[in-house]
Amino acid sequence: MTTGFIYSDSFLAHDTGSGHPECPARLQAVMSYLSAQPLYQKLRSYDVRPADLALIHSNHDSDYIGRARQTCLAGAPFLDCMDVAVSQQSYDIALLATGAALTLADRMMTGEISNGFALVRPPGHHAERNQALGFCLFNNVAILARYLQAEYALEKIAIIDWDVHHGNGTQHAFESDPSVLYISTHQYPYYPGTGAYSETGIGQGRGATLNCPMPAGSGDADYERAFTEQILPTISRFRPECLLISAGFDAHKDDPLGQIELSTPFFGWMTRRLLEVADQHCQGRMISVLEGGYDLTALPLCVVKHLQVMAGAPA
């Protein structure tokens, strides 16, 4: 089993300003810890390339893409809302973040790797078709799903989002599309206010959205129950050809932005269960893309645990 990995120092150039939780130090902390692990030598690393604009258009309106570019080039401090802090280079870095996931998809679909993880910023799952939200500019995972469908003719894709915040942008991108199963575990009620259990999709997509809202204080046992009773059976019934993970690690018990109490090892448990489903239905194909995770001690530990399972490395 070969695991692809993408990271670039270019991602540090997305400057969110002093005190912003989505900061370059997140990725620096991960790389400092990961590069010292034996696991790091097992990963197959790739250079990052920006996503083609035509692919960004698959999930975002032209007006929004143009507004994002002009806002960043003008040196404005925010895009659309004060949550989304930007700098002059942020637009170009957001294209790189999306491109990282697409590069892994190409390598996976040609059989060069079995699965892959993109250590990127800015994150993406809050980005709507026409609006930046929640630290996110372009929806990396949604664009990746559309790319796999268009470029490789995959008919059914499952997205599992375990970030502590609901992925409103990803849900809205696919809520009327029966070919993409969107599953989210998240603290609820909490930002951004979406993700109730009753939100199951609309029109032809009804039933292809599964929300597992979790009250503050939920821990490993609560998430294990959701996976065992709802998430894993739903994925197996759907029979996807590829799994995508919106891998936010802010549901960790030490994260400052949430009140979910997951342990570090449990991120490995979730990864293993999803890898088993990928082996059963998707020829092992699975790509994971970083979303949240803001404790600079917990985030590196969780990422390494996640990658250890993906790469089949000893803990």
Side-chain angles (χ1 to χ4, degrees), residues 1-14 16 21-49 93 96-105 107-108 112-125 135 140-141 144 160-164 243-257 262-272 274-275 278 284 286-315:
M1 183 160 56
T2 304
T3 296
F5 177 74
I6 288 189
Y7 165 78
S8 169
D9 284 343
S10 296
F11 295 128
L12 307 180
H14 169 49
T16 52
E22 204 297 280
C23 59
R26 299 174 63 227
L27 270 56
Q28 291 172 313
V30 171
M31 287 305 300
S32 176
Y33 182 64
L34 173 60
S35 61
Q37 306 302 312
L39 162 71
Y40 188 56
Q41 303 305 318
K42 290 194 64 175
L43 304 176
R44 185 168 295 181
S45 296
Y46 296 98
D47 293 332
V48 66
R49 58 174 173 81
I93 304 308
L96 282 178
T98 302
L102 304 179
T103 296
L104 290 176
R107 298 294 187 260
M108 180 184 68
E112 195 171 311
I113 59 175
S114 306
N115 54 53
F117 177 70
L119 182 67
V120 302
R121 56 186 296 271
H125 71 153
F135 313 162
N140 304 316
V141 166
L144 172 59
I160 298 86
D161 186 337
W162 67 46
D163 192 277
V164 79
L243 291 187
L244 307 180
I245 304 175
S246 272
F249 297 96
D250 41 6
H252 190 276
K253 60 184 178 62
D254 294 334
D255 198 274
L257 265 61
L262 296 186
S263 67
T264 300
F266 193 75
F267 286 96
W269 185 93
M270 291 190 293
T271 306
R272 191 173 305 282
L274 293 178
L275 201 59
M286 187 171 83
I287 293 177
S288 176
V289 182
L290 182 67
E291 299 283 0
Y294 305 100
D295 182 88
L296 298 185
T297 300
L299 177 61
L301 298 175
C302 292
V303 168
V304 166
K305 182 64 67 176
H306 181 50
L307 280 168
Q308 283 173 338
V309 175
M310 291 180 69

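- By the 4.5 Å heavy-atom criterion applied to side chains, Phe249 and Leu290 are counted as neighbours.
- Side-chain contact of Glu291 with Ser246: a donor-acceptor pair under 3.5 Å is present, judged by distance alone.
- No donor-acceptor pair under 3.5 Å is formed between the side chain of Ser32 and the backbone N or O of Gln28.
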Would you please test Glu112 and Arg44 for side chain to side chain contact (heavy atoms under 4.5 Å, CB included) and show each step? CA-CA 9 Å; Glu112 195 171 311; Arg44 185 168 295 181; 3.5 Å; yes

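- Within the model, atoms CD of Gln308 and CG of Leu34 stand 9.5 Å from one another, a figure rounded to the nearest 0.5 Å.
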Take His252 and Leu301, measure what side chain to side chain contact (heavy atoms under 4.5 Å, CB included) needs, and give me the verdict at the end.
CA-CA 10 Å; His252 190 276; Leu301 298 175; over 6 Å; no

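- The main-chain N or O of Gly284 is never found under 3.5 Å from a side-chain atom of Ser114 such that the two would form a donor-acceptor pair.
- For the pair Leu102 and Leu144, the tightest heavy-atom approach, listed with the atom from each and the gap, is CD2-CA, 3.9 Å.
- Considering every non-hydrogen atom in both Ile93 and Ser10, the closest pair reads CD1-O, 3.2 Å.
- For the pair Val48 and Val120, the minimum side-chain heavy-atom distance is 4.5 Å or more.
- From Ser8, atom OG reaches atom CG of Leu27 across 9.5 Å, with rounding to the nearest 0.5 Å.
- Using cut-offs of 30° and 60° for the angle between ring planes, the Phe117 and Phe5 rings count as parallel.
- Counting only heavy atoms from C-beta outward, the side chains of Leu39 and Leu307 approach each other to under 4.5 Å.
- At least one side-chain heavy atom of Ile6 sits less than 4.5 Å from a side-chain heavy atom of Thr103.
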(request) Run the numbers on Asp250 and Asp163 for side chain to side chain contact (heavy atoms under 4.5 Å, CB included), then give the verdict. (result) CA-CA 6 Å; Asp250 41 6; Asp163 192 277; 3.2 Å; yes

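- Distance CG/Asn115 to CZ/Arg107: 15.0 Å, rounded to 0.5 Å.
- Here the side chains of Trp162 and Leu262 are not in contact, with every heavy-atom distance at 4.5 Å or above.
- Distance check, rounded to the nearest 0.5 Å: NZ of Lys253 to OG1 of Thr264 gives 6.5 Å.
- Between Lys305 and Cys302 there is no side-chain heavy-atom pair separated by less than 4.5 Å.
- For the residue pair Pro21 and Tyr294, the shortest heavy atom distance occurs at O-CD2, 3.3 Å.
- Although no hydrogens or angles enter the test, the distance criterion places a donor-acceptor pair under 3.5 Å between the side chain of Thr3 and the main chain of Met310.
- Minimum interatomic distance between Arg121 and Ala97 (heavy atoms only, all atoms of both residues): O-CB, 3.9 Å.
- Side chains of Ile245 and His306 form a contact here, defined as non-hydrogen atoms less than 4.5 Å apart.
- The two residues Val30 and Leu119 make their nearest non-hydrogen contact at CG1-CD2, 3.7 Å.
- Here the options are Leu244, Ile160, Ile287, the test is side chain to side chain contact (heavy atoms under 4.5 Å, CB included), and the partner is Val141; only Leu244 passes.
- Minimum interatomic distance between Ala247 and Ser288 (heavy atoms only, all atoms of both residues): CB-OG, 3.3 Å.
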Given Leu296 and Arg26, is the side chain to side chain contact (heavy atoms under 4.5 Å, CB included) satisfied, shown in steps? CA-CA 6 Å; Leu296 298 185; Arg26 299 174 63 227; 4.1 Å; yes

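- To the nearest 0.5 Å, atoms CG (Leu43) and CD (Gln37) are separated by 11.0 Å.
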